[in-house]
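Values below: all heavy atoms of this structure, side chains included; hydrogens, waters and symmetry mates excluded.
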Amino acid sequence: MQQAGTPVPPRSGGRSRSTVVAVIAATAVVAAATATGFILIDSNEADTDPAPTKETSPQASPNDPRGTDTETATVKGWKVVVNPKQGIAFDVPPQWALQSTDWVTYVSENDDPDDTPLIAMRAPAYLKEQWCTSDEDKGGTVEDTPLAVAGSRGNNGARSAEEIASSDPRTWVYGQFAQPDKNKVRPGTVEPFTTNSGIKGTLGTAWSVGVKRTQKCATNGKAFTFAFKNPQGDLASWSFFGAKGVTDEVPDETVRKIAATVRPYKDPSDS
């Protein structure tokens, strides 16, 4: 039996390109993970998303028409996604499904027996969680691949927003779509970006080319990362990754519209 808090090795025959972890406080149950499966771990698990300091509370920008209201969507009809641990909120279209605020999604090397995350983000939202379903090794383990995912994270240890916006999209594209071939990852633009609430940061992109359909759910993909400093002065980021070159691909314009809704979030319970 695996020690609680330790990632469970993949079942024989390989695993999906992404793994989802649900971090549930005071739980000591461990279950094998698949694409939309989960690992229940206890509250002592080392966090992949360090919390910011809480010396100050997020302040609403004067450009933000909602003032201090961070729980109402800034786009009519959209849903609010919150990451209380990092003090980040953003909006997604109504078709997206929100995970819990303790939910962490990450990618790792397919051949890594320890399943060590290459990159992770917390409290994500999924578009079409069962966009593609497959059992590649015919072993009876069905894995689901979502069309797109968006979430946020802390970036302790990074040197700048520009560094994050350049490296994180490439890591998401490699881990979710292109591995094991890093040469299939193409870096995009890294540019200044300001959200509707007035947060200034850097937006970077990346995508893959030439991914072969050797498996049912294999496809090219793309990723966006908006990196910035939160009100405490810590580096943080919002990221999106999704399938590219498919009929229901999320348009770049929509991704940018989602990124523009990123704003500080203050948990009402902390008031």
Side-chain angles (χ1 to χ4, degrees), residues 7-24 29-41 77-83 90-110 115 117-153 172-179 207-208 211-224 238-252 254-255 257-258:
V8 177
R11 296 169 181 170
S12 59
R15 62 173 188 79
S16 65
R17 290 163 294 152
S18 72
T19 301
V20 176
V21 180
V23 183
I24 309 296
V29 180
V30 181
T34 60
T36 56
F38 55 87
I39 300 174
L40 298 180
I41 58 183
W78 282 25
K79 299 176 179 178
V80 181
V81 184
V82 300
N83 180 348
F90 63 93
D91 303 335
V92 291
Q95 298 87 358
W96 289 63
L98 279 55
Q99 304 298 331
S100 76
T101 57
D102 287 328
W103 196 269
V104 175
T105 185
Y106 68 91
V107 292
S108 60
E109 293 282 1
N110 285 340
D115 207 25
L118 296 172
I119 191 170
M121 57 186 174
R122 181 178 290 273
Y126 284 70
L127 178 61
K128 296 186 179 180
E129 295 178 78
Q130 297 179 325
W131 176 68
C132 181
T133 299
S134 65
D135 177 9
E136 298 298 341
D137 64 352
K138 309 302 181 183
T141 301
V142 176
E143 298 177 346
D144 296 321
T145 299
L147 175 62
V149 181
S152 56
R153 66 188 297 245
W172 282 117
V173 169
Y174 169 73
Q176 179 70 9
F177 303 103
Q179 66 169 302
W207 63 92
S208 65
V211 172
K212 298 185 182 301
R213 295 295 299 271
T214 55
Q215 296 182 344
K216 177 183 176 182
C217 297
T219 181
N220 281 307
K222 62 183 181 182
F224 288 67
W238 164 93
S239 286
F240 161 99
F241 66 82
K244 179 178 175 61
V246 297
T247 303
D248 39 3
E249 173 184 350
V250 179
D252 290 359
T254 300
V255 179
K257 187 174 181 179
I258 295 172

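- The minimum heavy-atom distance linking A178 with S208 is given by the pair CB-CB, 4.3 Å.
- Residues K216 and T145 form no side-chain contact, since every pair of their non-hydrogen atoms from C-beta on lies 4.5 Å or further apart.
- Counting heavy atoms from C-beta outward, M121 and W238 have side chains that stay 4.5 Å or more apart.
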Open item on the list: side chain to side chain contact (heavy atoms under 4.5 Å, CB included) for D252 and F224? Distances and angles first, verdict last.
Closed with: CA-CA 9 Å; D252 290 359; F224 288 67; 3.8 Å; yes
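- Of all heavy-atom pairs spanning T105 and W172, the tightest one is O-CH2, 3.8 Å.
- A218 and V211 make their closest contact through CB-CG1, 4.4 Å (heavy atoms, listed as atom of the first residue, atom of the second, distance).
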TODO: Walk me through it: do F241 and V173 pass the test side chain to side chain contact (heavy atoms under 4.5 Å, CB included)?
DONE: CA-CA 7 Å; F241 66 82; V173 169; 5.9 Å; no
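- The line from CH2 of W96 to NZ of K79 is 11.0 Å long, rounded to the nearest 0.5 Å.
- Under the side-chain hydrogen bond (donor to acceptor under 3.5 Å, both in side chains) criterion, D248 pairs with K128, W131, not counting sequence neighbours.
- The side-chain heavy atoms of F240 and F90, taken from C-beta on, include no pair separated by under 4.5 Å.
- Pairing each heavy atom of P146 with each of D144, the nearest pair is CD-O, 4.0 Å.
- Side-chain contact check for P93 versus I258: some heavy-atom pair is nearer than 4.5 Å.
- Residues A123 and V82 come closest through the heavy atom pair CB-O, 3.3 Å.
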- [ ] Begin with the C-alpha distance, continue with both residues' side-chain angles, and end with the deciding distance and a verdict on side chain to side chain contact (heavy atoms under 4.5 Å, CB included) for V92 and L127.
- [x] CA-CA 9 Å; V92 291; L127 178 61; over 6 Å; no
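- Rounding to the nearest 0.5 angstrom, the gap separating the CG atom in N220 from the CZ atom in F177 is 9.0 Å.
- Considering OG1 of T101 and CG of N83, their distance stands at 7.5 Å, rounded to 0.5 Å.
- In plain terms, the two heavy atoms of Q176 and V107 that are nearest each other are OE1-CG1, 3.6 Å.
- A 4.5 Å side-chain heavy-atom check between R153 and R122 finds every atom pair outside the cut-off.
- Proximity of a side-chain donor or acceptor of E109 to a complementary backbone N or O of Q179 within less than 3.5 Å is not detected.
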